[in-house]
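A quick write-up on the structure given underneath.
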Amino acid sequence: MADYREMWKSLGMDLETHDVLCDVLPVAFTDVYLSQENRPENMGYYDFVVSEIHGVRPAELIEAQKNGKKVFGTFCIFVPDEIIFGADAIATGLCGGSQFWVPGGEKVLPTNTCPLIKASVGARLDRTCPFFRIADMYIGETTCDGKKKAWEILGEDVPMHVMDLPQMKRRKDYKAWAEEIMTLKATVEEFTGNKVDSESLKSSIKLINDKRRALARLSEFRKNKNIPISGKDCLLISQIAFYDDPTRFAQMTNALCDELDQRVKDNVSVFPAGTKRILIAGTPLAIPNWKLHNIVETSGGAVVCEEMCTGTRYFENLVDESKETLEEQVDALAERYMGINCACFTPNNARIDDIIRLCKEYDVDGVIDVNLKFCNLYDTEGFIVERALKDAGIPVLGIETDYTDSDVQQLRTRIGAFIEMLGE
Ligand code: BJ8
């Protein structure tokens with residue numbers, strides 16, 4: 001990575017502790033990613049983004065701030081980026097996916113909080129992530145109890161706006177979410193000094209839809225018998241989608257897809273024939289959490305789909321681009337976002353239907369239902385998910401894990417045995 005120490009210093013970061021993170025990340029990335037064979041050439045862009053993860057994009061954000069733009073940090077795919085970009089501001093995902101930040105979160109949160117929340121709070125309070133320092137305002141949501149309380153703690157350190165997400169999907173809940181989007185709009189307008197009008201919203205709806213279209217196009221390639229790209233690479237792309245510039249991200253992902261088109265014509269696969277096709281369902285895998293994909297893909301499996309927020313829940317379903325008035329556009333946003341099937345809803349049967357549909361679409365041999373430790377929502381819903389899959393005759397393995405490496409060997413054994421069983 002180039003030298004960004006001055007920039008990090010100006011952000012008030014703890015350079016000494018941050019150096020430790022800078023030392024370990026490239027090693028992990030080389031082990032997991034650069035060791036793969038026959039990767040598409042266009043993965044070079046994403047490799048570069050990771051190699052400069054705390055440098056290039058943060059520098060761009062700071063430059064944008066110097067030019068008067070505001071940066072909003074988000075933690076959940078329910079927050080409509082369209083409103084933020086529509087106010088000529090920038091949204092960037094902030095979910096923490098590294099064990100490195102967890103102890104910092106544990107200084108203020110109960111140990112039995114999910115690692116995603118602990119890492120996110122630790123990254124801010126320990127001052128070891130530039131993105132968390134750069135964001136002018138955080139946008140939280142009321143999806144789970146752990147997050148709700150974490151926002152109160154983070155809100156003492158940084159301006160925070162919390163969106164109240166309904167927990168059911170009745171008509172009145174769609175209406176309530178549309179009102180919440182309107183409230184977000186008012187907050188963003190006041191903070192940025194810029195108006196969101198039907199014209200700016202129309203173009204930001206297209207901007208974010210284009211990103212979804214690129215990710216959906218990429219995902220289509222994974223349905224092929226010959227799989228031209230690994231699940232690990234697709235996970236990385238999906239993680240980068242949360243904070244990269246959306247226009248550039250869509251361009252680079254479409255360029256990769258053009259290369260994959262050719263690979264499909266040439267029958268290129270990155271996996272040997274007969275590799276078992278795995279769908280991973282459950283809690284999100286924030287960057288740099290690559291543990292599960294790495295275990296699956298070094299144990300005779302190929303991850304062909306993620307039914308998660310770093311997967312299909314992020315890019316499936318577009319916002320209707322045909323609406324002309326602001327009210328209609330906000331209703332279209334509410335409609336699309338309320339279609340996300342997160343375990344925070346009750347009931348959440350549509351998620352079960354999604355998983356079974358995806359298993360068919362991606363010709364899946366087996367499902368791994370993953371739960372981040374202490375996520376009560378997905379853990380409880382796992383009972384219904386796993387029962388439905390068994391009823392549908394689809395083999396399923398339920399696992400619970402965190403960000404540490406302490407369970408890697410045990411997971412290898414269980415996942416290896418599961419994949420082997422799929423061949424019988
Ligand atoms: S839409 S999955 S991004 S809430 S894993 S913090 S739920 S205790 S991340 Fe999520 Fe939005 Fe839903 Fe997706 Fe809480 Fe569970 Fe932790 Fe979670």
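When a ligand or atom number is given, it counts from 1 through the structure's own listing order.
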Check ligand 1 against [X] and write out every atom of the ligand that is under 4.0 Å from a heavy-atom position of the residue.
| X | value |
| --- | --- |
| F78 | 1 (S) |
| C342 | 1 (S), 2 (S), 4 (S), 12 (Fe) |
| T283 | 5 (S) |
| I117 | 6 (S) |
| T143 | 4 (S) |

With no hydrogens and no angle check, do the side chains of D402 and Q99 hold a donor and an acceptor under 3.5 Å apart?
-> no
Donor on one side chain, acceptor on other, R412 and T298, under 3.5 Å = yes
Could you see which bit of E141 sits under 4.0 Å from ligand 1, with heavy atoms only: side chain, backbone, both or neither?
-> neither
Who's the nearest protein heavy-atom neighbour of [atom], and how far?
| atom | answer |
| --- | --- |
| atom 14 (Fe) of ligand 1 | C144 SG, 2.3 Å |
| atom 2 (S) of ligand 1 | Y378 OH, 3.2 Å |
| atom 13 (Fe) of ligand 1 | C309 SG, 2.2 Å |
| atom 9 (S) of ligand 1 | P284 CG, 3.5 Å |
| atom 16 (Fe) of ligand 1 | C114 SG, 2.3 Å |

Close approach of G146 to ligand 1, heavy atoms, under 4.0 angstrom | no
Note: K223-D363 ion pair, threshold 4.0 Å (strictly below) = no
Salt-bridge criterion met for E361 and R222 (N-O under 4.0 Å) = no
Heavy atoms, side chains only, cut-off 4.5 Å: are T283 and L116 in contact?
-> no
Aromatic centroids of [Y] and [X] separated by under 6.0 Å:
| X | Y | result |
| --- | --- | --- |
| Y33 | W290 | yes |
| Y138 | F75 | yes |
| Y362 | F221 | no |
| Y403 | F100 | no |

Between K107 and D126, is a salt bridge (Lys or Arg N to Asp or Glu O under 4.0 Å) present by the stated rule, with each step listed?
-> CA-CA 10 Å; K107 286 182 204 157; D126 276 355; 2.8 Å; yes
Would C76 count as a contact for atom 11 (Fe) of ligand 1, in the sense that one of its N, O or S atoms lies under 2.8 Å from it?
-> yes
Within the structure, does at least one protein heavy atom fall under 4.0 Å of atom 11 (Fe) of ligand 1?
-> yes
Report yes or no: does C375 have an N/O/S atom closer than 2.8 Å to atom 15 (Fe) of ligand 1?
-> yes
